[in-house]
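Below is one structure; the comments refer to it alone.
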Amino acid sequence: MPKEGITPRATDYSQWYLDIVRGADMADYAEVVRGCIVFKPTGYAIWEAIQSGLDQRIKATGHVNAYFPLLIPKSFLMKEAEHVQGFAPEVAEVTRAGGEELAEPYVIRPTSETIIGYFYAKWVRSWRDLPLLINQWANVMRWEMRTRPFLRTAEFLWQEGHTVHATEEDAERETLLILHEVYADFVEREMALPVIKGLKSDKEKFAGALRSYALEAMMQDGRALQAATSHNLGQNFAQAFNITYTDQNNTVQYAWTTSWGISTRLIGALIMAHSDDEGLVLPPRLAPTQVVVVPIYKNEAERSAVLAAVERITAGWQGHLRFKVDDRDNLTPGFKFNEWELKGIPLRIEVGPKDVQKDAVAVARRDMPGKAGKQIVPQAGLTERLQALLDEIQQQLYDRALQFREANTHDVQDYAQLRTAVETGFARCYWDGTSEDEQRIQNELKATLRVIPLDQPETAGRCVLTGRETTRQVIFARAY
RNA sequence: CGGGGCGUGGCGCAGCCCGGUAGCGCACCGCGUUUGGGACGCGGGGGUCGUGGGUUCAAAUCCCUCCGCCCCGACCA
């Protein structure tokens, strides 16, 4: 049955998204600050779960955390030609402070390559100082024309890794390590979101990078969302900021740097990949609360019996399950069912007088709304059963998203097929065009070259636009 | 930045055309009855009608100004 206040996806996908954000109580518009949102506790808890999973992987691959200033001298931004062109239009500036006009304005960081580059130039002297592997968790600001909660906000939270290496090979290895071991591993395993790993085209790469790698995911409306990026910056920033080291042969060399990031936009991806017309659907491994218990009773005698049973049942859960008992007395069970569905809690346990009598509980799966996902199970062995169910749900969400992506990815041979394919999903095709050709497709079809997958076919084919033979296959799609 | 829409209790809206006591639903507070899929009754609180100006005996309503927000595009994580 349709949820009150949630526009069905089929009616208006964009409105559905906004309804989920509001309905699940994840964010509030920061109405007084253009394009910004308040991350409410429910939404912020998801970010904390993302942070925790990523931070572990970042550290496990040898990186450490640090923190750099929010404000960057404006001149820093100007030092890398492509970089300034890419970011200048959307930076906010601080021109006054302490009641006086500043000699040099600061920009509020849109990303930190420049300020970090400045310090790295000071810190790096010898080949022995390399690699330098630092990550920072921070907020950044980009004055975007059009904003949407989580997906694109003027201020957003992210992590940005910035590393320095002695050789191009080392920098490339780092860029790919992050893509595979940190980002793809996290997004696929924890968020249950299948991704296509690949390279960005020159047109789409990060402003100032040599090469950008990215993870692309498909949302339920068939559009692409870039879930993560990892950039090999070459020597561009090393030259702009004079990051040099003395090698084993006593020769001064420019270093090679990388940068990589994941942002609160992932919360938007999470919503759009898994949720349904009943509300948010959270993958169990990421869900701040995995199990909610709703006690049901009619009178005081039943109440004490049921609550005692709940106490007994949940006693063994500590350390095994993240759970919550909804013992609010002023709301009906039906209201609670709807509320927790809206908030995406993976499993709901109902404990009523009938269950107490039978030493059973009712278990409802969020990924299978309605009767299909509801069953009565014995209290004995419940903890293990719930853990197994959570694993099953996690897998189910991943499989479902992957099937959806496969079903909506079309191999296209010519322009007419490309046009049709990007209306509903990904178009996979051979490509030998230029940046100008990409621009033309963007103008005509509103689709962009999302990614050049790392997995490439053995055989050659004809470019969807030019007809030239090529071995390079790419994904075109409309994107968020 | 171009195109469109909207500003009225916390939220969603009606009222405006045709000027005359600011209203409805939800939410909120109190009491009581309820509770296995969004409970019900009774009582109650809360609004500079976005801003500034003008017309008028009288403006939420008519005229002008400014501001803000949302949606659709181009730009972007």
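First the proteins, then the strands, lettered A, B, ... as listed; each starts at 1. These numbers come from the heavy atoms of this one structure, side chains and all, not from hydrogens, waters or symmetry mates.
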Applying a 3.5 Å limit to both distances, which nucleotide forms a Watson-Crick or G-U wobble pair with [N]?
N: B:rA39; result: B:rU33
N: B:rU21; result: none
N: B:rU55; result: none
N: B:rG73; result: B:rC1
N: B:rG10; result: B:rC26

Using atom [atom1] of each nucleotide, how far apart are [N] and [M] to the nearest Å?
N: B:rC42; M: B:rC24; atom1: P; value: 14 Å
N: B:rG73; M: B:rC26; atom1: P; value: 36 Å
N: B:rG37; M: B:rC17; atom1: C1'; value: 45 Å
N: B:rU8; M: B:rG25; atom1: C1'; value: 15 Å
N: B:rC70; M: B:rC13; atom1: P; value: 14 Å
N: B:rA60; M: B:rC1; atom1: C1'; value: 33 Å
N: B:rG12; M: B:rA27; atom1: C1'; value: 11 Å
N: B:rU51; M: B:rU61; atom1: P; value: 11 Å

Within the sub-3.5 Å range, which N or O atoms of nucleotides 39-46 of chain B have a protein N or O partner, and how far apart are they?
from: B:rA39; atom 1: OP2; to: A:T332; atom 2: OG1; distance (Å): 2.5

* Compute the ring centroids of A:F76 and A:Y106, then answer whether they are less than 6.0 Å apart. => no

* To do: Measure from the ring center of A:F68 to the ring center of A:H162 and say whether it is less than 6.0 Å.
  => no

* Give a yes or no on whether A:N443 atom CG has more than 12 heavy-atom contacts from other residues, nucleotides or ligands under 6.0 Å away. => yes

* Structure fact -> Taking for A:T153 and for A:N299 the nucleotide of RNA chain B with the nearest heavy atom, the one nearer the 5' end belongs to A:N299

* To do: Using heavy atoms to find the nearest nucleotide of RNA chain B for A:L18 and A:D329 separately, return the residue whose nucleotide is more 5′.
  =>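 This one resolves to A:D329.
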
Proximity to the side chain of [X] - top-ranked nucleotide from [options]:
X: A:I296; options: B:rG36, B:rA77, B:rC75; result: B:rG36
X: A:E339; options: B:rA74, B:rA77, B:rG38; result: B:rG38
X: A:K298; options: B:rG37, B:rU35, B:rA77; result: B:rU35

Is it the case that the side chains of [Y] and [X] hold a donor-acceptor pair, with the cut-off being a distance below 3.5 Å and no angle test?
X: A:E436; Y: A:T434; result: yes
X: A:S275; Y: A:R9; result: no
X: A:T448; Y: A:E204; result: no

In whole angstrom, give the distance that lies between atom [atom1] of [X] and atom [atom2] of [N].
X: A:W158; N: B:rA77; atom1: CH2; atom2: C1'; value: 7 Å
X: A:N338; N: B:rA27; atom1: CG; atom2: P; value: 14 Å
X: A:W260; N: B:rA77; atom1: CH2; atom2: P; value: 18 Å
X: A:R148; N: B:rC71; atom1: CZ; atom2: C1'; value: 10 Å
X: A:W143; N: B:rA77; atom1: CH2; atom2: P; value: 18 Å
X: A:R22; N: B:rC26; atom1: CZ; atom2: P; value: 17 Å
X: A:R365; N: B:rG37; atom1: CZ; atom2: C1'; value: 19 Å
X: A:L331; N: B:rA27; atom1: CG; atom2: P; value: 11 Å

Once you apply a heavy-atom cut-off of 4.0 Å, does [X] come out as touching a base, just sugar-phosphate, or nothing?
X: A:K354; value: base
X: A:Q226; value: sugar-phosphate
X: A:K371; value: nothing
X: A:L151; value: base
X: A:L225; value: nothing
X: A:R348; value: base
X: A:S14; value: sugar-phosphate
X: A:T448; value: nothing
X: A:A362; value: base
X: A:D355; value: base

* side-chain hydrogen bond (donor to acceptor under 3.5 Å, both in side chains) evaluation trace for A:R173 with A:T175 -> CA-CA 5 Å; A:R173 195 178 309 120; A:T175 311; over 6 Å; no

* Asked: Listed in order of residue number, which residues of residues 202-218 of chain A have a non-hydrogen atom at under 4.0 Å from RNA chain B?
  -> none

Check this for me, if you would: do [X] and [Y] make a salt bridge, where the nitrogen-to-carboxylate-oxygen distance has to be below 4.0 angstrom?
X: A:E423; Y: A:R478; value: yes
X: A:E172; Y: A:R211; value: yes
X: A:R303; Y: A:E300; value: yes

* Look at the side chain of A:E341 against the base of B:rG37 and say whether a donor-acceptor pair falls under 3.5 Å; ignore hydrogens and angles. => yes

* Side chain of A:Q290, backbone of A:L390: donor and acceptor closer than 3.5 Å? ->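 No.
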
* To do: Check whether any side-chain N or O of A:Q442 sits under 4.0 Å from OP1 or OP2 of B:rA74, and answer yes or no.
  =>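 Answer no for this pair, as no side-chain N or O of A:Q442 is under 4.0 Å from OP1 or OP2.
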
* To do: May I ask you to check if A:R450 and A:F426 form a cation-pi contact, with NZ or CZ under 6.0 angstrom from the six-membered ring centre and within 45° of the axis?
  => no

* **ring pair (Phe, Tyr, Trp, His ring centres under 6.0 Å) partner of A:F150, chosen from A:Y480, A:F39, A:W47, A:F156** =>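 Of the listed residues A:Y480, A:F39, A:W47, A:F156, the ring pair (Phe, Tyr, Trp, His ring centres under 6.0 Å) partner of A:F150 is A:F39.
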
